[in-house]
2 protein chains.
Amino acid sequence: MEDSNRRRRASRHTVTIQDIADRAGVSTATVSRTLANPEFVSVKSRVRVLRAVTETGYTPNVAARNLRARRSMKILVVVPNLANPFFAEVLRGIDDELAGAGYDMIIGNLDNLAEREARYVKLAMSGQVDGVLNLTGRVPKGDGRSMAELGLPMAGICAIVPGQNSPHVVVNDRAVSVSVAEHLLGLGHRRFGYISGPAGNINEIERHAGFLDGLRAAGIDGKAVVRWPGAFNLGSGIAAARDFLRRGDRPTAVYAASDEMAIAFMKTLLTAGLEVPGDVSIVGFDGIEFAELVEPTLTTVRQPRHNLGRMGARALLDEIAGTGSGARIIEMPATLIVGDSTAPPRAERPSRAPAKTAVPSEATGGEKRR
Amino acid sequence: MEDSNRRRRASRHTVTIQDIADRAGVSTATVSRTLANPEFVSVKSRVRVLRAVTETGYTPNVAARNLRARRSMKILVVVPNLANPFFAEVLRGIDDELAGAGYDMIIGNLDNLAEREARYVKLAMSGQVDGVLNLTGRVPKGDGRSMAELGLPMAGICAIVPGQNSPHVVVNDRAVSVSVAEHLLGLGHRRFGYISGPAGNINEIERHAGFLDGLRAAGIDGKAVVRWPGAFNLGSGIAAARDFLRRGDRPTAVYAASDEMAIAFMKTLLTAGLEVPGDVSIVGFDGIEFAELVEPTLTTVRQPRHNLGRMGARALLDEIAGTGSGARIIEMPATLIVGDSTAPPRAERPSRAPAKTAVPSEATGGEKRR
DNA sequence: CCCTAAAATGTAATCGATTACAAACTGGTC
DNA sequence: GACCAGTTTGTAATCGATTACATTTTAGGG
């Protein structure tokens with residue numbers, strides 16, 4: 001009976017280092033050394049230990065090892081919305097880099113809900129991860145505690161969180177948004193709309209500011225730009241389109257702060273019988289793969305998604321290793337990709353540039369798709 | 001100097017249960033009890049402990065707790081391809097369910113590369129997760145060891161892995177693929193193409209078999225169906241389209257085993273100047289959000305993505321709790337959603353059904369989009 | 001055969017919690 | 001004041017590894 005009990009518990013993860021030690025007739029220390037530093041172990045014990053290991057199928061309990069070593073070999077990745085294909089690709093980049101260093105990813109998906117942050121602050125507090133990669137553009141907090149005050153190595157991707165003493169890997173949202181404005185102005189547009197990200201979001205603020213900066217340089221008042229609230233998701237694009245259709249004074253060009261919003265906006269207009277780019281020109285942001293697959297293909301700002309992830313992960317690994325330099329900003333290039341969703345407005349003549357031509361800016365040169 | 005050393009190490013996660021015990025003038029046992037079972041602790045010690053906890057900001061080290069409890073409160077989710085929006089949504093469902101039970105997700109992304117399986121077999125072996133959710137339709141293996149022989153609680157989502165003694169949450173790929181065939185036959189199509197999933201993939205096999213079954217019932221030989229190899233991704237759709245364009249004997253209707261392939265296939269044909277559904281009707285599989293956003297909207301098989309995730313996670317939690325029933329199959333409904341990408345072939349007259357009408361089958365009734 | 005340095009091994013502390021068990025304390029009753 | 005039952009608390013083992021330090025073994029030289 002006692003034996004059957006033991007066997008039941010054995011079903012999971014029973015062979016321990018002690019079992020191997022007994023089997024091989026050595027101490028646990030020798031077993032551990034054989035596995036970690038075989039050069040310090042005599043050939044004789046080495047083979048005995050190794051045989052015991054293969055015979056039993058022993059695998060060290062990593063949880064125990066990590067407790068001893070005060071590390072977990074796990075990274076918490078806090079992501080605003082897992083369903084957004086932009087982030088999915090960034091995650092792939094992160095994972096590629098982490099895998100090389102032996103780290104695994106725990107995904108902290110917020111689903112765009114700030115109240116979910118607390119769960120991951122708790123996770124980070126309790127010593128279950130060695131570092132945090134933050135893709136949210138804000139400092140996650142909860143239970144009165146902020147993730148910043150944990151003293152855990154962190155790195156930010158996609159957005160610079162002000163006042164954070166940690167590296168950030170970003171694109172220059174503002175500068176490339178100026179290029180967007182210049183591109184649309186160059187096509188001859190004069191009445192603009194903007195579909196925003198969530199209020200307070202840093203990327204949103206920068207993209208909006210850059211767009212208005214660009215327009216202002218051409219003498220267009222920011223107040224004249226129609227602004228639809230959004231949350232980077234498909235629903236926001238649809239809602240913006242519904243309002244657009246109700247209006248008398250329709251903009252001829254709309255900049256959406258994400259591709260998902262741009263695509264949903266465009267589709268809703270097309271379904272309503274409008275033409276793109278004939279009636280409206282549309283520009284997105286992110287450069288997700290589907291931007292090239294919609295009809296017409298979307299003009300968008302392409303971010304180096306995979307590399308944002310890789311570089312962010314690398315920066316975090318440096319912080320963990322202690323070789324990082326704390327706060328610093330790594331800027332990756334973003335590129336305006338001109339698709340078929342932008343053209344001169346129907347009534348007017350193009351003022352400078354012909355349709356479908358990239359407008360380079362000092363920050364990021366435009367580039368023809370393909 | 002000793003003190004400065006202590007302080008340096010303190011930077012991360014220093015305050016331990018012993019510190020609290022000292023501060024409150026009680027033993028570690030009392031601290032632990034205060035936090036877990038306060039009813040067994042006198043009010044006097046309780047307040048002293050609690051005060052010490054708030055003063056120091058103590059958080060229990062979960063790694064240590066888990067070592068003692070022989071669990072990790074983490075689930076490994078093995079996913080074929082994180083960038084596929086279908087899986088992203090399943091993951092959200094999984095996370096919603098796991099969160100309620102206090103579990104966190106470690107993502108095992110294979111990027112469609114079988115050689116990456118070994119990494120996660122190792123992870124699962126080493127006692128770092130309490131269970132595995134497998135979305136891959138096969139048993140991950142590596143280093144000569146298969147994930148099945150680990151004795152870890154497992155559950156499969158999306159595909160039934162033969163011979164596995166674990167629950168599986170799936171849709172009936174085969175039955176709904178018969179409906180796809182019936183829908184296309186009903187529109188009058190007689191020449192068909194099929195873009196497949198990866199060779200050997202179970203979903204692929206079932207979808208292909210169901211499609212051919214449906215065609216065979218109408219007297220169409222499976223050998224007459226053009227079959228393009230694919231891997232569920234965008235590239236496969238493009239490749240298939242390139243071959244399609246080269247052919248003389250073009251099918252009039254193409255069934256793609258995933259939406260991504262269908263969308264890429266469609267876009268490539270449109271770009272080449274063909275009309276959809278005028279020249280070719282196209283059907284996808286999965287029901288990702290972008291299927292509704294492409295032009296024309298895609299006819300596709302909608303899977304209950306979020307619920308597949310939820311139910312799979314729930315089944316796994318049952319297995320972990322010991323209340324599961326081992327092998328069993330939970331079938332969720334899949335629905336053929338008729339979009340604008342299917343219509344009667346141009347030359348022929350429709351034989352039975354008019355265009356854009358759902359063809360119900362005994363397995364899954366068709367349903368008009370919206 | 002002894003001595004010494006180098007090599008190999010073992011002992012036991014440690015990581016930070018939980019918990020069985022024993023011990024100490026409390027209050028009430030006679 | 002003794003006794004008992006019920007509370008409360010502390011001691012120490014435990015989870016499964018790693019590793020500093022001590023100890024033993026080995027090899028080689030004289």
Side-chain angles (χ1 to χ4, degrees), chain A residues 6 9-10 12-50 52-53 56-73 122 125-130, chain B residues 5-6 9-50 52-53 56-73 122 125-130:
Chain A
R6 189 170 307 139
R9 291 175 72 252
R12 187 80 106 275
H13 189 90
T14 330
V15 311
T16 72
I17 197 169
Q18 185 65 61
D19 298 330
I20 303 299
D22 294 348
R23 222 165 209 276
V26 298
S27 72
T28 62
T30 299
V31 175
S32 181
R33 274 189 289 256
T34 305
L35 268 24
N37 308 92
E39 65 273 21
F40 294 142
V41 176
S42 70
V43 180
K44 204 198 309 179
S45 354
R46 215 186 295 176
V47 300
R48 307 187 62 182
V49 167
L50 260 21
V53 167
T56 58
Y58 166 71
T59 322
N61 180 315
V62 176
R65 171 188 300 169
N66 287 345
L67 172 61
R68 176 68 219 255
R70 295 146 160 266
R71 54 164 169 60
S72 65
M73 301 308 281
K122 212 170 291 171
M125 271 198 314
S126 58
Q128 299 182 81
V129 297
D130 297 341
Chain B
N5 265 333
R6 190 171 304 139
R9 293 174 71 250
S11 67
R12 186 80 106 275
H13 189 89
T14 330
V15 357
T16 73
I17 197 168
Q18 186 65 60
D19 299 331
I20 303 299
D22 295 348
R23 220 164 209 276
V26 298
S27 71
T28 62
T30 299
V31 175
S32 181
R33 275 189 289 256
T34 305
L35 267 24
N37 309 93
E39 65 273 21
F40 294 143
V41 175
S42 72
V43 179
K44 203 197 310 177
S45 353
R46 214 186 297 177
V47 300
R48 307 188 62 183
V49 168
L50 260 22
V53 166
T56 56
Y58 167 70
T59 321
N61 180 317
V62 175
R65 171 187 299 168
N66 287 345
L67 172 61
R68 175 69 218 254
R70 295 146 158 263
R71 54 165 169 61
S72 66
M73 299 308 282
K122 213 172 289 172
M125 271 198 315
S126 57
Q128 299 183 81
V129 297
D130 297 341

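Numbered from 1 within each chain, the chains take letters A, B, ... in sequence-line order. Since the model is a prediction, treat every value here as computed from it, not as a measurement. Just so it is clear, the values below take in all heavy atoms, side chains as well, and ignore hydrogens, waters and symmetry mates.
To the nearest angstrom, C1' of D/dG10 lies 14 Å from CG of B/Asp22. The separation between A/Arg71 atom CZ and C/dC15 atom P is 16 Å, rounded to whole Å. The distance from atom CD1 of B/Ile17 to atom C1' of C/dA17 is 6 Å, rounded to the nearest whole Å. The interatomic distance linking A/Tyr58 (OH) with D/dA17 (C1') rounds to 7 Å, in whole Å. Distance, A/Asn61 CG to D/dA17 P: 5 Å, rounded to whole Å. In this structure, the CZ atom of A/Arg70 is 13 Å from the C1' atom of C/dA17, given to the nearest Å. We find that CG of B/Asp19 is positioned 11 Å from P of C/dC15, with the value rounded to whole Å. With rounding to whole Å, B/Asn37 atom CG is found 13 Å from D/dT9 atom P.
Residue pairs that meet the side-chain hydrogen bond (donor to acceptor under 3.5 Å, both in side chains) test with at least one member in residues 31-41 of chain A, sequence neighbours left out, do not exist here.
Sequence order on DNA chain D of the closest nucleotides to B/Ala69 and A/Ala36 puts B/Ala69 first from the 5' end.
With sequence neighbours excluded, the residues forming a side chain to side chain contact (heavy atoms under 4.5 Å, CB included) with B/Thr28 are B/Ile17, B/Gln18, B/Ala21, listed by chain and number. Evaluation of the side chain to side chain contact (heavy atoms under 4.5 Å, CB included) rule for A/Thr56 yields A/Val15, A/Ile20, A/Arg23, A/Tyr58 as partners, not counting sequence neighbours. A/Ala24 pairs by the side chain to side chain contact (heavy atoms under 4.5 Å, CB included) definition with A/Val26, A/Arg48, A/Val49, A/Ala52, not counting sequence neighbours. Residues that satisfy the side chain to side chain donor-acceptor pair (under 3.5 Å) test with A/Arg71, not counting sequence neighbours, are A/Asn66.
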Assign a letter to each nucleotide of nucleotides 7-12 of chain C from its 5' end: B, base within under 4.0 Å of a protein heavy atom; S, sugar-phosphate only; -, no contact.
-SBBBB
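With rounding to the nearest 0.5 angstrom, the NZ atom of B/Lys122 is 11.5 Å from the CD atom of B/Gln128.
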